[in-house]
Structures are given as C-alpha cells and as structure tokens.
Amino acid sequence: MAEEPYAVLGVARGAPFAEVRKVYRKLAKELHPDANPNNKAAEERFKRVSAAFTFLDDPDRKAKYDRGEIDADGNPKFGGFGGNAGGRGPFGGGDPFGPGGPFGGAGAGRRQTGPGQPEFEDMFGDLFGAAFGARGGARPGFQAGTKGQDIQTAIKIDFEDAISGAKQRVNVGDRSIDVTIPAGVETGRTLRLRGQGGPGQGGMPAGDLMVTVTVKPHPVFNRDGDDVRMDLPVSLTEILEGGRVEATIPNGTVSLTIPPNSNSGTVLRLKGKGVARPGTPGDLFIRLILGLPEGDNGELKALLATWSRRDEPPKR
C-alpha cells in the first residue's frame, strides 16, 4: 500500500494545496539527484516525495482522500455492514442477516438443517454462484486476477515546453506512448498515465505508467514560481531615446516598448506571458541590460568628455 502522502511531505493531513506545493518545491530542490549525485537515500526520498505530490496534485482525488473516501492508493474504502449514520450499512439496513436484510427473511434461499439453523453455504452459493460452487469452493478454472504492475520511466523536456505545455513520445518496451506535458510542470514532477503500465491478469486492469520529468535549464530564461525572468541586452541609443525592439520570449517573440531615459537594470513586466497555467498564467519580467559596442569605443569616449554632466553620480 502507498505511503500516507501528507506524512511523506511532512505537512498536516488536509493541508491546503498551496502549502503542499510550497513544501514539495522545497523538498524537490533539496533532494533532486542532480544536487545529490550518487546519494541513493536522497534519490529514493525524492521519488517518494514526487509520488506523494502527484497523488495530491489532483484536486478531486485530494478532496476524496481528505474526506476518507479513498485510501493512499486511490482505491475506494469499504465501510462494512454498519457504522454509518443511523446504523445503516451499504445494503441499507442495520442487520444484513435480519428480517428484510439482503441475507435474511423467510424464503431468502435458506434451507434448514435444524430448528432455526440456516445452511449458509447454500445461501452464499446462490448469491455468488458465478464464481463459487454450491459449497463455497472455487469453481474449476477460477483464478483471482491481479492488477498490472506500474512502470517507471523518465523524460527530459525543454524549458519552453515546461512553460507552455507540449506532447512528447516515450518508448516503453515495444510501445510508443504520447505523454501530455501540462503547462507549469516542474523538475521532479511525476505524471501518471493510467492503464499504460503492465497488463493485468484475470480480467483485472493494466497498471499505470509513471513518468518523472526533468526540465532542462535555459541560458536566457529563469523560472520564479509561475513567473519567468530574463535579461535583454539593449543599446545606449535604445536606453536614452526609447523605442520598440523585438525580443524572443519562451512562447515566441514580442515587440517590446522601451521607455525613453531608461536605466540599465530597469525591469519591464509583460502580464500573462509567463507559465501558461490555465486561468492564472504567470508574468514575464524583462530586465534591460546596457550593452556597449565591442572594441575601443573612442568616439563614445570623446563624446562623454564634452558632456557637462559626466561627473554626476547616478541615484543609488
């Protein structure tokens, strides 16, 4: 049985998802194999933390688990014959063997072996005859089925695909499977593809394919939660006079307006151009960096020598 996900992450059971995600990000950064080379203990805990977060990342599944309707494997919990409100079990009565219960009452298929003694074997044989014989034994050829095994694999994706979402094909044995990469996926996240694992036996469902994601670093873009940050080199003329420049951003290009008399280090914000999370996309923050022409720049130096404000220090 899977571990209790809240306990694995070290947060209180029923904690809001924002807290769960914050703790997961911290742990994933600390435990990632790239930060802990040849550390099997850290790698194993990284896998456990990722699996716990994957379980709680589904809002519907998290809500059902918090209400006690499913266990840590996602299987429905069976409450037995009683204990529900009003003493009613899943069959609708307090005593399933009493009058009016599914297993009780006159003419309910019981045969008497003595005064007041029902022959339960025949009763259960009637109820479950499709799988069991009249005396409760398994019918010839009947075998209990088993669910297929889960299969673990890993993929590396480009930074841009993690920001905007994409599809990537993985090979599992002799099969090729298209994996949908959701926008906003982070390194260490495990994607579960239900029914894409090992085959089940005896009519039971197949296992799941568990795909652990690593996002490749990018030389220009950096992620900050759902926001993206980047530096943009600009010329002295563009800094002083302003104007429009073309900038490459994670999901394409944009025509950017630079205000006149900007400074190197000025940050411009493009709303909604960060992580393309549905409903609440992040923002893109662009920092202007002054880039002087390569070479001696003697002409620029001569110009500065005649500038009356050349010794005035900038505001700090």
- Interatomic distance, CD1@I181 vs CD@Q168, rounded to 0.5 Å, equals 5.5 Å

- Task: For D283 and G272, indicate whether the former's side chain and the latter's backbone hold a donor-acceptor pair under 3.5 Å.
- Result: yes

- On the ring face of F53, is R189 found with NZ or CZ under 6.0 Å from the centre and within 45° of the axis? no

- Value rounded to 0.5 Å, distance of CD in E186 from CZ in R25: 4.0 Å

- Message: Is it true that E43 and H32 share a donor-acceptor pair across their side chains at a distance under 3.5 Å?
- Response: no

- Closest non-hydrogen atom pair, S262 against I258: OG-CG2, 3.8 Å

- Any cation-pi pair here, R13 with Y6, using under 6.0 Å and within 45°? no

- Taking atom CG of N38 as the centre, does the number of heavy atoms from other residues, nucleotides or ligands within less than 6.0 Å exceed 12? no

- Query: Can you check whether L27 reaches L9 side chain to side chain, under 4.5 Å on heavy atoms?
  - Reply: yes

- Positive for side-chain contact (heavy atoms from CB on, under 4.5 Å) with M210, one of L193, T153, T190: T190

- Close side-chain approach of H218 and N222, heavy atoms under 4.5 Å: no

- Message: Looking at E4, I'd like to know if its CD atom is crowded, meaning that more than 12 non-hydrogen atoms belonging to other residues, nucleotides or ligands lie closer than 6.0 Å.
- Response: yes

- Task: Output yes when a side-chain donor or acceptor of D58 lies under 3.5 Å from a complementary backbone atom of D60, and no otherwise.
- Result: yes

- Message: Run the salt bridge (Lys or Arg N to Asp or Glu O under 4.0 Å) test on K77 and D71 for me, step by step, so that the C-alpha distance in whole Å, both residues' side-chain angles and the decisive distance to 0.1 Å come before the verdict.
- Response: CA-CA 6 Å; K77 288 187 176 181; D71 61 21; over 6 Å; no

- Task: Kindly work out whether a path of hydrophobic side-chain contacts (I/L/V/M/F/W/Y, heavy atoms less than 4.5 Å apart) joins I155 to F46.
- Result: no

- Nearest heavy-atom neighbours spanning V275 and G225: CG2-O, 4.1 Å

- Start with the C-alpha distance between M230 and F285, add both sets of side-chain angles, then the distance that settles side-chain contact (heavy atoms from CB on, under 4.5 Å), and finish with yes or no. CA-CA 6 Å; M230 61 175 287; F285 293 88; over 6 Å; no

- Query: When rounded to the nearest 0.5 angstrom, what is the spacing between CG in N251 and OG1 in T248?
  - Reply: 11.0 Å

- Task: Measure the CD1-CD1 distance between I151 and I177 for me, rounded to the nearest 0.5 Å.
- Result: 7.5 Å

- Message: Applying a strict under-4.5 Å side-chain criterion to I, L, V, M, F, W and Y, I'd like to know whether V220 and L268 cluster together.
- Response: yes

- So, do P59 and F17 sit near enough that their side-chain heavy atoms are less than 4.5 Å apart? no

- Task: Count the heavy atoms belonging to other residues, nucleotides or ligands that lie under 6.0 Å from NZ of K64, then report whether that count exceeds 12.
- Result: no

- Are there more than 12 heavy atoms of other residues, nucleotides or ligands under 6.0 Å from atom CZ of R277? yes

- Query: Are L191 and L56 connected in the hydrophobic side-chain network, where two residues link if heavy atoms are under 4.5 Å apart?
  - Reply: no

- Query: R48 and V8: which non-hydrogen atoms are nearest, and at how many Å?
  - Reply: O-CG1, 3.6 Å

- Task: Apply the test side-chain contact (heavy atoms from CB on, under 4.5 Å) to residues R192 and V211: give CA-CA distance (whole Å), side-chain angles for both, the deciding distance (0.1 Å), then the verdict.
- Result: CA-CA 6 Å; R192 180 189 293 268; V211 183; over 6 Å; no

- Query: Are any side-chain N or O atoms of S264 and backbone N or O atoms of I289, one a donor and one an acceptor, separated by less than 3.5 Å?
  - Reply: no

- Item | Donor-acceptor pair between T187 and T214 side chains, under 3.5 angstrom | no

- Charged N to carboxylate O under 4.0 angstrom, K167 versus D178? no

- Query: Taking atom OG1 of T266 and atom CG of L232, what is their separation to the nearest 0.5 Å?
  - Reply: 11.5 Å

- Item | S176 versus N171, side-chain donor and acceptor atoms under 3.5 Å | yes

- Is there a side-chain contact between P260 and E241, using heavy atoms and a 4.5 Å cut-off? no

- Query: When you look at E246 and V254, which way does the side-chain contact (heavy atoms from CB on, under 4.5 Å) test go after all the steps?
  - Reply: CA-CA 6 Å; E246 294 291 319; V254 66; over 6 Å; no

- Shortest non-hydrogen separation from G195 to D208 and the atoms involved: N-OD1, 3.0 Å

- Message: Please determine whether the number of non-hydrogen atoms from other residues, nucleotides or ligands lying under 6.0 Å from atom NZ of K273 exceeds 12.
- Response: no

- Query: Any salt bridge between K62 and D66, counting N to O under 4.0 Å?
  - Reply: yes

- Separation between CZ (R269) and CG (D227), nearest 0.5 Å, reads 7.5 Å

- Task: Please answer: with hydrophobic residues joined when any side-chain heavy atoms are less than 4.5 Å apart, are L288 and F221 in the same cluster?
- Result: yes

- Query: Can you tell me if N39 uses its side chain to pair, donor with acceptor, with the backbone of A41 under 3.5 Å?
  - Reply: yes

- Item | Chi angles and distances behind the side-chain contact (heavy atoms from CB on, under 4.5 Å) call for I286, L270 | CA-CA 8 Å; I286 301 177; L270 299 184; 3.9 Å; yes

- Item | N36 versus L31, closest heavy-atom pair with distance | ND2-C, 3.4 Å

- Item | Between Y24 and E19: side-chain donor-acceptor atoms closer than 3.5 Å | no

- Query: How close do A276 and S164 get, heavy atom to heavy atom, and via which atoms?
  - Reply: CB-CA, 4.2 Å

- Examine V20 and F55 and state if one hydrophobic cluster contains both, with Ile, Leu, Val, Met, Phe, Trp and Tyr joined whenever side-chain heavy atoms are less than 4.5 Å apart. yes

- Item | Cationic N near anionic O, under 4.0 Å, E30 to K26 | yes

